[in-house]
Q: 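One structure, as structure tokens, below. Some questions next.
Quick note: numbers below take in every heavy atom, side chains included, and nothing from hydrogens, waters or symmetry partners. First listed ligand is number 1; within each ligand, the first listed atom is number 1.
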Amino acid sequence: MTKLALVLLLFSLSMAMQLVQSTNDEPKEVDEWIQKLHHGEEKVSRLHFYFHDTLSGKNPSAVEVAEASRTKKSPTLFGLINIFDDPLTEGPESTSKLVGRAQGLYGSAGQQELGLLLAMNLFFTTGKFNGSGLTILGRNAVFHSIREMPIIGGTGAFRLARGFVQAKTHFLNLTSGDAIVEYHVVAMHY
Ligand SMILES: *[C@@H]1O[C@H](CO)[C@@H](O)[C@H](O)[C@H]1NC(C)=O
Ligand SMILES: *[C@@H]1O[C@H](CO)[C@@H](O)[C@H](O)[C@H]1NC(C)=O
């Protein structure tokens with residue numbers, strides 16, 4: 001080992017130790033939350049809302065950001081990637097009460113059938129979950145009647161969350177791609 005490599009190794013070890021020892025600086029709120037967690041029981045929360053994904057019009061909530069040279073020729077639009085910032089509402093109408101937003105991306109990852117890789121953060125702006133979020137990562141085969149995708153984590157009231165969502169198309173315009181999707185969420189958290 002050269003001298004430089006040794007110095008770098010020692011430096012990174014001391015950095016790692018500093019990181020491990022820095023618990024005193026952590027927010028008090030996190031310490032208290034961890035204390036309570038020792039005798040915390042997991043709760044199950046169920047949420048229900050509608051997701052509005054709009055590609056048409058002057059102010060689309062989803063935009064195409066990339067595609068492969070063969071995407072246009074593919075019946076499943078293989079290689080297409082969209083980014084979205086979609087409103088979540090209580091009911092299916094676009095005028096229904098806003099309960100949060102879904103931000104993320106979906107990429108067309110299926111060659112045999114339309115199957116999206118969906119990666120998104122749901123964050124809520126009303127009720128007892130105001131300010132809390134859930135992260136979803138899964139396969140969304142949009143022409144199936146019900147698509148189930150895992151919840152891989154959360155923030156706020158949803159810290160350490162796990163669970164799943166079920167998505168069901170409420171409305172789809174095949175010409176524009178605009179869709180309204182009903183979501184049922186089952187989240188386990190503390
Ligand atoms: C949600 O939380 C934010 C930030 O704490 C607050 O400003 C807002 O009024 C809350 N909204 C509702 C509907 O409770
Ligand atoms: C579907 O989208 C097309 C293209 O944007 C539009 O002309 C048509 O009115 C839409 N149909 C419905 C039922 O929303």
Side-chain angles (χ1 to χ4, degrees), residues 26-34 36-37 40 43-67 71-108 113-116 118 120-136 140-147 151 153-161 163 165 167-187 189-190:
E26 272 168 25
K28 207 160 163 249
E29 184 270 326
V30 171
D31 286 343
E32 286 167 5
W33 185 81
I34 292 169
K36 274 196 273 169
L37 196 61
K43 294 190 271 276
V44 179
S45 292
R46 302 184 69 168
L47 311 176
H48 178 246
F49 48 78
Y50 291 82
F51 166 103
H52 299 255
D53 195 52
T54 308
L55 290 105
S56 68
K58 276 199 209 110
N59 290 305
S61 65
V63 291
E64 181 183 327
V65 293
E67 64 177 41
T71 293
K72 287 266 162 30
K73 278 180 246 145
S74 159
T76 60
L77 299 173
F78 187 58
L80 179 73
I81 295 181
N82 278 33
I83 298 261
F84 60 89
D85 177 1
D86 287 348
L88 304 174
T89 60
E90 213 166 68
E93 310 79 21
S94 58
T95 51
S96 171
K97 186 184 168 198
L98 189 72
V99 296
R101 303 197 75 82
Q103 296 176 340
L105 58 86
Y106 46 83
S108 187
E113 65 170 340
L114 186 57
L116 304 179
L118 179 65
M120 70 174 174
N121 296 313
L122 303 175
F123 71 89
F124 304 100
T125 50
T126 55
K128 66 172 172 174
F129 298 118
N130 184 10
S132 298
L134 287 169
T135 299
I136 316 294
N140 187 354
V142 296
F143 292 124
H144 289 206
S145 63
I146 292 178
R147 291 88 68 185
I151 293 171
T155 58
F158 292 123
R159 280 176 181 169
L160 303 183
V165 301
K168 187 168 181 252
T169 304
H170 176 77
F171 165 84
L172 173 65
N173 182 331
L174 278 171
T175 314
S176 64
D178 292 356
I180 300 170
V181 183
E182 182 178 12
Y183 270 83
H184 283 280
V185 175
V186 178
H189 60 104
Y190 292 94

Q: Are there protein heavy-atom neighbours of atom 9 (O) of ligand 1 below 4.0 Å?
A: no
Q: Suppose we measure from atom 5 (O) of ligand 2 to each protein heavy atom; which comes out shortest, and what is that distance?
A: Ser176 CB, 3.5 Å
Q: What residue and atom, counting heavy atoms only, is the protein's closest point to atom 6 (C) of ligand 1, and at what distance?
A: Asn130 ND2, 4.1 Å
Q: Checking side-chain polar atoms at under 3.5 Å, does Thr54 have a donor or acceptor matched by the opposite partner on Asp178?
A: no
Q: Nearest 0.5 angstrom please: Phe51 CZ to Thr169 OG1, how far?
A: 10.0 Å
Q: Going by atom types only, do His52 and Ser61 share a side-chain donor-acceptor pair under 3.5 Å?
A: no
Q: Quick check: does any side chain N or O of His189 sit under 3.5 Å from a backbone N or O of Ala157, one acting as donor and the other as acceptor?
A: yes
Q: So, for atom 14 (O) of ligand 1, does the protein have a heavy atom nearer than 4.0 Å?
A: yes
Q: Knowing that exactly one of Arg147, His170, Lys168 qualifies, which makes a side-chain contact (heavy atoms from CB on, under 4.5 Å) with Val181?
A: Arg147
Q: Which atoms of ligand 2 have any heavy atom of Asn173 under 4.0 Å away?
A: 1 (C), 2 (O), 3 (C), 8 (C), 10 (C), 11 (N), 12 (C), 14 (O)
Q: I'd like to check whether Thr126 has a polar contact with ligand 1, where a contact means an N/O of the residue lying under 3.5 Å from an N/O of the ligand.
A: no
Q: Against heavy atoms of Thr125, which atoms of ligand 1 measure under 4.0 Å?
A: 11 (N), 12 (C), 13 (C)
Q: How many angstroms lie between atom CG of Leu118 and atom CD1 of Ile136, to the nearest 0.5 angstrom?
A: 8.0 Å
